Number of protein chains: 2
Amino acid sequence: MANNPDRDRTGKTTGSGGARVSIKTVADAAGVSIATVSRVLNTPSIVAEGTADRVLQAVRDLGYRPNLFAKGLMTRKSRVLGVSLPEWSGDSYAELMRGADHRARELGYHLLVTTNSHQPAGEGLPPAFALDLIDGMIAMVTSRAAQDIDALLELNMPVVLLTSNADKVGDDTVELDNYVGAHQAAHHLADGTDANRCYFVGGPATNRDAIRRAAAFRDALLERGHSVRADQINHGAWSFQWGWEWAGKLLEAGQLAGSAVLAGNDEIAVAISHRARDAGLSVPGDVRVVGFDDARVCPFLDPPLSSVRVPNRRIGVEAVSLLIRRIESPEAEPTRVRVPTRLVIRESSQY
Amino acid sequence: MANNPDRDRTGKTTGSGGARVSIKTVADAAGVSIATVSRVLNTPSIVAEGTADRVLQAVRDLGYRPNLFAKGLMTRKSRVLGVSLPEWSGDSYAELMRGADHRARELGYHLLVTTNSHQPAGEGLPPAFALDLIDGMIAMVTSRAAQDIDALLELNMPVVLLTSNADKVGDDTVELDNYVGAHQAAHHLADGTDANRCYFVGGPATNRDAIRRAAAFRDALLERGHSVRADQINHGAWSFQWGWEWAGKLLEAGQLAGSAVLAGNDEIAVAISHRARDAGLSVPGDVRVVGFDDARVCPFLDPPLSSVRVPNRRIGVEAVSLLIRRIESPEAEPTRVRVPTRLVIRESSQY
DNA sequence: CTGAAAGCGCTTACAG
DNA sequence: CTGAAAGCGCTTACAG
C-alpha cells in the first residue's frame, strides 16, 4: 500500500482542495465574520438562532475542527491532563488508569501519561516541556521525601496528589487509606495465630504505602497487648524475589511453620505461599497468608488468596474529578478524598 | 495549606513581577530581537556565539520556556504521540507502555494515551478532538474488521498499527508474530501427548491474535498428519472464567485427564490448571498446560507455567520508533516490524 | 549574522 | 446580535 496521497508533508489534514479549512473558510461559507463563527462554537447563547444554524451547517459541510494550538494560545487551556506514575506495571496501575481515562473522557479531557522511574530526585515531576501543554497534573508520590511534594506544589499549576495516608499532602489529594485494611488484616491473622508468630513483609522502607501498612500492622498487635519484635516487621521490595527470600530465611530458622503473614502486595504473598508449599508446608494449615491489592487473580490462586482490596479504579476516577474541578473552579475548596481499603478473606488465611 | 499565592486564575505560571515571561521579555533582557531569541533556541548554528550566550543567559535567568501553543501554531508539531489501546489491563499493556514511554522520552516526545473499549465500531479511533493535538498515533487493532484499519489510515496523519500477523496492514506496522510461538507450543504438546488429545483454548473468535494462534496450532497438528477436530479449537474470552468453564466441560466428558492444552493467554492457562487440580488431577502429570504472554508471574505459579513469550516492551519501543521516524521523515520507506514470540518451557507442560 | 514584519488561527473586548 | 480589530507568542521568509 502506497502512501496516502492526501497526506501532506506535515502529516496534517488537508481539505479536498488542498487548502486547510480554518475559521475563515467557515466564516466565508456562512457569510459571517470569524468572530461569529467563534461565538457559535463557544457561546452559542449569544448568537441569533438563524445565524448559528448557517454556521453550524458550514462547519459540518467543511468538516471544520478548530485548531487547538490557536485556541490554546488564547485560552491557555488544552483539556489535557498530565498523569505521572512511578512506573508502568501490574494490574493496579492499569485499573487506576482505566478509571482515570473513563472519567476524563466523560468530561472531555485527555490524559498525557508518563512515568518518573528514571528520575530519582524529583519523583512525580515530568520533564519540564510537557508542563506547558497540560492544564494540570495528577502525580503519584510514593516516596516519603517531603521535598517531592513541595516540588509538585511549586509548579504553579493545578495538581492532584495521589498518596498514602500521610501528614503532608497537597491542596487536593486522593489518599489511599492503607491503614484500615492492613489493620483489619493484622487482627484477622492474630485472631487465629499467636501474635508472636505474625509477620509483616512489605515493600521498601522508603515507600509510603509500605510504611503505613507496617504501622497499621504494628498498632493492631499492640492493641492486643503484644509488644512487636523488630523481626516481625520486614521491608524489602515489591517482588516475588523478596517474598521468596524472606520465607526461605524464616524456613531455615524453623519458624515458617505456624506463622501468619501479611504481605505488602499479592506478589510477595504468592511467593511466600509457594515457598511454604515447596517446603512441604500447607497453606493455610501451616502458614496463613494475606496479600495486598486484591489483584484479579487472587480468587484463582491456589489456594485462593486473602488480600486487602485497593479500589484503584476509584482512585483514578476521583483524581480526575478533583483535578478537573480545580481547573474549572480555581477557587474551589481544597479537597482530600480518602479511599478506603478492606480485607477480603479467602482460603489462604483461614484458621 | 492555603492556595498558592503565585497561582493565578488560569493556573499558569506567572513571573515574580506578575508578568508572564515571553520571548519578548527574553529579547529585551538580552538586547536582541525576538527573532534572534527564536533562532538561538531552534537553529543555534545560525547565530553569533556571543549573541547566543547572552540570550541563553537571559533564558536561564528568567526561567523562560517557549509557549507550546504558539510554537505549535507555527510548526504544527506538538511532540505528543497518541496511543490507542483496546483497554487498560494487565501486565502486557503495562510492559508495552513502559517500552513506549521510555523510547518516547529518549526522543523528546510525550504520550497521550486513551482506550477505545467503549466504541464498538471504529476500534482504534480516539475521539476526534485529540487528533489535532498529536503528531501521530499508535493504534492497536485486535478486531479482524478491516474497516477499522481503513478508518485509521484515512486519518491523514502518521499512524503506526499494532496488530497480529495479518494480511491487511498499514504503511508502518508492528506485527506480533503469534504464529511462530503458537506453532512451537503445539508441536511441544504433541511431542508428549497424542495429537487427538491436544486442545487450543483461546480468546474471542473475532480477535486477530486468537485467530492466528489457533491457526498455528491447527497447522502444527496437520503437519504431524493429524486431522484436527472442531472441538480441539475453542474460542471464548480472555478470562479465568472461560478457562475454568472449558476445563469443567472437558472434565465432565471424562476427557481432561490425559490432555494437553495450549491456552490463549496465561489467565486461561491458570484456570485450566486449577480446575484440573481441583478435580484431583496433576499438572503436568495428567494435564499439560501452556499459556500465552509469559506474564511475570509464570515462573512463580504452581507449577511454574510454560508460556509463549510476547515481547511487549519491544513492541512499545518499536512502535514509537517507527512513528517518530515517520513524523520526522514523511518520505521514509513504509516499514513493517515483525516481533517474534517463542515458547518458554517450564514444569506445567513437562512430559 | 540580525531585525522588522507578516502570519499562524483563534478569542474577546469594544463599538455599533 | 454582529463585525472590525487587537492580540495571544511564536517562526520564518525577506532585507540588509
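Below, chains carry the letters A, B, ... as their sequence lines are ordered, and counting in each starts from 1. Note that this is a predicted model, so its numbers are computed, not measured.
- No side-chain donor from either of B:R54 and B:Q57 sits under 3.5 Å from a side-chain acceptor of the other.
- The shortest distance between the side-chain N/O atoms of A:S38 and the OP1/OP2 oxygens of C:dT12 is not below 4.0 Å.
- Across the protein-nucleic acid pair, B:L41 atom CG and D:dT11 atom C1' stand 12 Å apart, rounded to whole Å.
- Candidate nucleotides C:dA4, C:dC8, D:dG3 were compared by shortest atom distance to the side chain of B:R76, and C:dC8 ranks first.
- For A:I23, the listed nucleotide lying nearest its side chain is C:dT11; candidates were D:dG3, D:dG9, C:dT11.
- Counting atom types as modelled, A:R39 pairs a side-chain N or O with a base atom of D:dG3 as donor and acceptor under 3.5 Å.
- Rounding to whole angstrom units, CD1 of residue A:I46 and C1' of D:dT2 are separated by 11 Å.
- Checked against D:dC10, C:dC10, C:dT2, the side chain of B:V47 finds its nearest nucleotide in C:dT2.
- Going from atom NZ of A:K24 over to atom C1' of D:dA5 covers 14 Å, rounded to whole Å.
- Contact annotation for A:T36: backbone-only contact, meaning every heavy-atom pair under 4.0 Å involves sugar-phosphate atoms and none involves a base.
- In this structure, B:R79 contributes its side chain and B:G108 its backbone to a donor-acceptor pair below 3.5 Å.
- Which of D:dG3, C:dT11, D:dG9 sits closest to the side chain of A:T75 comes down to C:dT11.
- Remark: A:S22 is not in phosphate contact with C:dG9, judged by side-chain N or O atoms under 4.0 Å from OP1 or OP2.
- Considering only side-chain atoms of A:V32, the nucleotide from D:dG9, D:dG3, C:dC10 that sits closest is D:dG3.
- Atom CG of A:D132 and atom P of D:dC10 are 10 Å apart (whole Å).
- Nearest-nucleotide positions on DNA chain D for A:A35 and A:E49 put A:E49 closer to the 5' end.
- When the P atom of C:dG7 is taken as reference, atom CD1 of B:I34 falls 15 Å away, rounded to whole Å.
- Of the possible polar contacts, none joining the A:R98 side chain to the A:G316 backbone as a donor-acceptor pair under 3.5 Å is found.
- Salt bridge B:R326/B:D171: absent, no basic N to carboxylate O contact under 4.0 Å.
- Across all strands shown, the partner of D:dG16 is C:dC1, judged by Watson-Crick or G-U wobble contacts whose two distances both fall under 3.5 Å.
- Using C1' as the reference atom, C:dT12 and C:dG16 are 16 Å apart when rounded to the nearest Å.
- Atom C1' of nucleotide D:dC8 and atom CG of A:N67 are separated by 13 Å, given to the nearest angstrom.
- Rounded to whole Å, atom C1' of D:dT12 lies 13 Å from atom NZ of B:K71.
- Side chain of B:T114 to backbone of B:L112: no donor-acceptor contact under 3.5 angstrom is found.
- One can place CE of B:M74 at 16 Å from P of D:dC8, the figure rounded to the nearest angstrom.
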